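Not measured: the values here are computed from a predicted model. Labels below follow one simple rule: chain letters A, B, ... track the order of the sequence lines, proteins then strands, and each chain is numbered from 1.
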Protein chains: 2
Amino acid sequence: MPAGANPGRPRLSRSLVLRSAVAVADGGGIGALTMRSLADALEVKPMSIYHHVANKDEVLDGIVDIVFSEIELPAIGGEWQPGMRRRAASARAAMRRHPWAIGLVQTRTSPGPATLKHHDAVIGTLREAGFSVEMTAHAFALIDAYVYGFALSEATLPINGPETVIEVAGKMMDQSSPKDYPYLTEFSIEHVMKPGYDYGREFEFGLDLVLDGLARLHRRGIGPRHT
Amino acid sequence: MPAGANPGRPRLSRSLVLRSAVAVADGGGIGALTMRSLADALEVKPMSIYHHVANKDEVLDGIVDIVFSEIELPAIGGEWQPGMRRRAASARAAMRRHPWAIGLVQTRTSPGPATLKHHDAVIGTLREAGFSVEMTAHAFALIDAYVYGFALSEATLPINGPETVIEVAGKMMDQSSPKDYPYLTEFSIEHVMKPGYDYGREFEFGLDLVLDGLARLHRRGIGPRHT
DNA sequence: TCAATGTATCGTACTTAGTACGAAAGAGCT
DNA sequence: AGCTCTTTCGTACTAAGTACGATACATTGA
């Protein structure tokens with residue numbers, strides 16, 4: 001089989017490689033993303049990929065940056081609260097579309113351009129809204145931690161949906177009596193297994209509390225009590 | 001070489017295997033934890049491990065649960081705020097001791113006994129402090145997201161210390177002018193690269209804000225404004 | 001049109017890691 | 001000592017990342 005056996009396929013490029021990698025990870029989880037599976041998705045042989053990325057690490061860095069590029073940036077100079085709210089919602093949506101991303105963030109310490117642009121916009125929005133440098137640092141750390149932390153919690157949850165809750169509860173019961181975890185059991189029965197339950201709804205509550213708290217401090221220009 | 005070539009070594013056990021796995025991951029990162037490196041650490045041949053754990057996944061589940069077991073539990077029935085504060089600090093400390101853990105949490109969806117016990121204690125503390133089921137759900141999600149999110153941010157940061165900041169800044173400058181990220185650049189110079197900078201200090205600020213906000217709502221028995 | 005040259009693609013093969021299978025070595029009991 | 005259960009191990013297969021060098025292709029200038 002000669003090399004040109006696949007004529008219709010467009011030429012490879014770094015961007016195409018990375019976008020395909022995102023698609024593969026979306027489809028089968030990060031574990032399903034191997035250089036070989038990626039090659040298959042691209043209708044190419046594995047080694048062809050290496051002319052566009054140095055190695056798999058670069059692929060992983062690249063797809064994390066793609067996810068960041070999907071997050072809506074707040075408008076620098078606009079109202080900070082709506083801006084933060086929308087970027088938080090957008091960030092969470094991106095993490096839900098690509099649940100593997102949050103787990104990758106931890107390992108990848110070399111941020112791509114989209115990631116940097118993202119941070120720049122958040123900091124800029126706060127600064128232009130009158131936050132001091134110190135207060136910007138506080139707010140940035142807090143909002144980031146909350147948003148990514150919530151995304152992490154959501155990603156950790158067994159695939160969303162009520163039937164999974166039952167599965168987990170089942171596994172819990174398998175190895176231990178409900179007596180070992182009385183509050184957790186009560187909580188599961190009284191809340192989690194109720195019909196309308198949706199963990200995602202908690203996102204708004206926490207975000208409101210965080211932003212309200214920051215707004216209060218911003219108005220007064222002081223920090224909260226330090227115990 | 002007969003099987004008994006290593007006489008002094010204590011017999012393997014699931015617990016010993018898992019504790020060694022934690023040590024290996026602490027030493028070289030999660031990437032350094034392979035069944036073979038673990039076997040070396042145990043002074044055993046790789047396949048010996050499989051009599052005590054089913055596979056590597058079980059090892060990973062196990063070490064995550066060990067990390068959870070190191071987190072101080074709040075005293076159910078005690079004051080909720082100091083309880084939450086201490087468990088948050090303790091959780092963060094555990095994540096700093098084992099930076100690989102936060103990245104694992106995302107993939108491991110089958111919680112171990114320590115993890116369940118931990119959740120049970122947190123929920124119990126809130127319930128006994130008079131939180132409604134709904135409010136407990138809010139508080140639980142919020143505190144968890146913040147604590148793990150902060151741990152994730154901290155783990156993502158290039159290894160703590162001032163010289164690393166310079167490295168990162170250097171890489172940033174390499175591929176792009178400071179003009180592309182003006183606010184980020186200003187922020188780095190004005191804040192991050194200042195002598196006394198310590199990202200970890202932000203933890204207290206956010207935690208205070210979160211707990212204060214929850215306390216306020218708990219006192220009034222209502223939710224924050226919903227936009 | 002065709003050869004020259006740089007680029008893209010690929011085949012082969014080496015290495016590391018997880019682990020299936022069954023054998024061998026201990027350990028405890030009779 | 002002999003039996004049996006438990007623990008440890010040797011061998012080997014498979015999947016995955018990727019080094020190396022070869023081959024095919026596209027572009028360009030004559």
Could you check A:Ser48 against B:Thr34 and say which one's nearest nucleotide on DNA chain C is further toward the 5' end?
-> A:Ser48
Nearest-nucleotide check on DNA chain C, A:Ser13 vs B:Asp57; residue mapping nearer the 5' end is A:Ser13
Are the aromatic rings of A:Phe187 and A:Tyr181 close, with centres under 6.0 Å apart?
-> no
Within the 6.0 Å centroid threshold, strictly below: B:Phe203 and B:Tyr146 | yes
Separation of B:Met47 atom CE from D:dC9 atom P, in whole Å?
-> 12 Å
So which of A:Ile76, A:Leu73, A:Thr136 actually passes side-chain contact (heavy atoms from CB on, under 4.5 Å) with A:Thr125?
-> A:Ile76
B:Leu42 CG to D:dT8 P, in whole Å, measures 10 Å
Side-chain donor/acceptor contact of B:Arg36 with base of C:dA17 under 3.5 Å = yes
If only side-chain N and O atoms of A:His52 are considered, is one of them under 4.0 Å from the OP1 or OP2 phosphate oxygen of C:dT9?
-> yes
When rounded to whole Å, the CG to C1' distance for the pair A:Leu38 and C:dT9 reads 15 Å
Can a side chain N or O of A:Lys45 be found less than 4.0 Å away from OP1 or OP2 on C:dT9?
-> no
Less than 6.0 Å separating the ring centroids of B:Tyr199 and B:Phe150?
-> yes
Whole Å only: how far is the CG atom of A:Asp40 from the P atom of C:dC10?
-> 12 Å
Rounded distance in Å - OH (A:Tyr50) to P (C:dC10) = 15 Å
Can you tell me the distance, in whole Å, between the CZ atom of B:Arg11 and the C1' atom of C:dA27?
-> 7 Å
Polar side-chain contact B:His51-D:dT7 base: donor and acceptor under 3.5 Å = no
Atom CE of A:Met35 to atom P of D:dT18: distance rounded to whole Å?
-> 6 Å
Rounded to the nearest Å, what distance is computed from the CG atom of residue A:Asn55 to the P atom of nucleotide D:dG17?
-> 11 Å
Any donor and acceptor pair, going by atom type alone, linking the side chain of A:Asp26 with main-chain N or O of A:Gly29 inside 3.5 Å?
-> no
